[in-house]
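Below, chain A is the first sequence line, B the second, and so on; all start at residue 1. All heavy atoms count here, side chains included; hydrogens, waters and symmetry mates do not.
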Amino acid sequence: MLLPRSFYLRDDVVPIARDLLGMTLHTRIDGQHVSAAITETEAYAGINDRASHAYGGRRTPRNEMMYAEGGRAYVYICYGIHHLLNIVTHLLGVPHAVLVRGVRAIEGATVMDRRRGRAAATTDGPGTAAQAMGIRRAHDGTDLLGASIWIEDDGVRYPDQAIVSGPRIGVNYAGADALLPYRFFLRKGS
DNA sequence: CGAATGATATACT
DNA sequence: GTATATCATTCGA
């Protein structure tokens with residue numbers, strides 16, 4: 001079933017990042033429908049999180065969408081070439097988001113291979129995940145309860161021991177906040 | 001392990 | 001408007 005708006009409006013982004021593991025991300029982009037299980041996420045927890053683009057309440061054209069009501073996509077370009085998909089959470093004006101770092105193909109694996117230019121059944125980073133799903137900067141602000149990007153709960157549930165948490169990747173500039181255990185992924189073999 | 005890559009934010013003139 | 005530093009990464013060696 002489609003994840004309801006209320007899932008995205010909860011006030012703590014960290015358990016949302018954890019709960020997204022096992023949910024199914026769907027896209028219908030360029031006439032191609034693909035779906036994939038979310039296997040790795042990271043939480044970015046608002047204006048007090050030094051790793052977040054919204055640290056200190058910063059507002060720029062790029063990160064404006066982080067301040068939207070939960071349940072939209074925040075897509076930005078990193079290192080000039082990689083498009084990264086984030087899921088905006090919390091109420092209007094509170095900039096929380098979850099970075100989707102990894103997916104595993106369910107439907108449309110051949111489309112994902114073609115987009116990636118190589119085998120893409122399982123992606124190995126946030127840039128490759130977004131690319132396989134067809135998501136690019138133009139999808140910034142897309143409503144996740146709409147027809148081009150959405151997330152479904154197929155009832156997959158993982159016990160706590162199947163999930164690993166640890167420090168986020170690539171945020172060494174964030175000082176002590178770089179050590180927060182805001183990254184979640186499936187233990188090998190899960 | 002290290003170079004590539006160019007959008008973006010910020011600090012200037 | 002122009003300049004510069006930075007970057008929630010990726011790929012090939």
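Within 6.0 Å of CZ on A/Arg62 lie more than 12 heavy atoms contributed by other residues, nucleotides or ligands.
Using a 30° and 60° split on the angle between ring planes, A/His26 and A/Trp150 fall in the parallel class, below 30°.
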Could you summarise the pairing of DNA chain C as dot-bracket text, marking Watson-Crick and G-U pairs under 3.5 Å with ( ) or [ ] inside the strand and | across strands?
|||||||.||||.

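With hydrogens and angles ignored, a donor-acceptor pair closer than 3.5 Å exists between the side chain of A/His53 and the base of C/dA8.
When heavy atoms are screened at a 4.0 angstrom cut-off, A/Leu84 is found touching the sugar-phosphate backbone but no base atom. Contact annotation for A/Arg59: no contact, since no heavy-atom pair falls under 4.0 Å across all strands. A/Arg168 comes within contact range of no nucleotide atom at all, as no heavy-atom separation falls under 4.0 Å.
Taking every side-chain heavy atom of A/Ile77 into account, B/dA7 is the closest of B/dA7, B/dT5, C/dC11. Checking B/dT5, B/dA9, C/dC11 against the side-chain heavy atoms of A/Asp124 singles out C/dC11 as nearest. Nearest to the side chain of A/Ile169, among C/dT9, B/dA9, C/dC7, sits C/dT9. Among the nucleotides C/dA8, B/dA9, C/dT10, the one closest to any side-chain atom of A/Thr128 is C/dT10. Side-chain proximity of A/Pro126 to B/dT8, C/dC7, C/dT10: nearest is C/dT10.
Residue A/Val171 is the one, among A/Val171 and A/Arg118, whose nearest nucleotide of DNA chain C lies closer to the 5' end (criterion: closest heavy atom). Mapped onto DNA chain B by nearest heavy atom, A/Cys78 and A/Arg58 fall at different nucleotides, with A/Cys78 at the one closer to the 5' end.
Rounded to an integer number of Å, the gap from A/His82 NE2 to C/dC7 C1' is 11 Å. Atoms OH (A/Tyr74) and C1' (B/dA7) sit 12 Å apart, rounded to a whole Å. Per the geometry, CZ belonging to A/Arg116 stands 10 Å off C1' belonging to C/dC11, to the nearest Å. Rounded to whole angstrom, the span from the OH atom of A/Tyr173 across to the P atom of B/dA9 amounts to 13 Å. As a whole-Å value, the separation of A/Arg101 CZ from C/dA8 C1' is 7 Å. In this entry the distance linking CZ of A/Arg137 with P of B/dA7 reads 11 Å, nearest Å. Atom pair A/Asn63:CG and B/dT10:P shows a separation of 9 Å (rounding to whole Å applied). The interatomic distance linking A/Asn86 (CG) with C/dT9 (P) rounds to 11 Å, in whole Å.
For the residue pair A/Val103 and A/Ala36, the shortest heavy atom distance occurs at CB-CB, 3.7 Å.
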Is there a side-chain contact (heavy atoms from CB on, under 4.5 Å) between A/Thr110 and A/Met112? Walk through the geometry before answering.
CA-CA 5 Å; A/Thr110 58; A/Met112 293 170 68; over 6 Å; no

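Cation-pi geometry between A/Arg10 and A/Phe7 is met: under 6.0 angstrom from the ring centre, within 45 degrees of the axis.
Between the side chains of A/Gln131 and A/Arg115, no donor-acceptor pair is found at a separation under 3.5 Å.
Here A/His83 and A/Tyr76 keep their ring centres 6.0 angstrom or further from each other.
Look at A/Tyr79 and the base of B/dG6; the rings do not stack under the cut-offs of 5.5 Å between centres and 30° between planes.
With respect to A/Arg168 and A/Glu42, no salt bridge is recorded, no charged nitrogen being found less than 4.0 Å from a carboxylate O.
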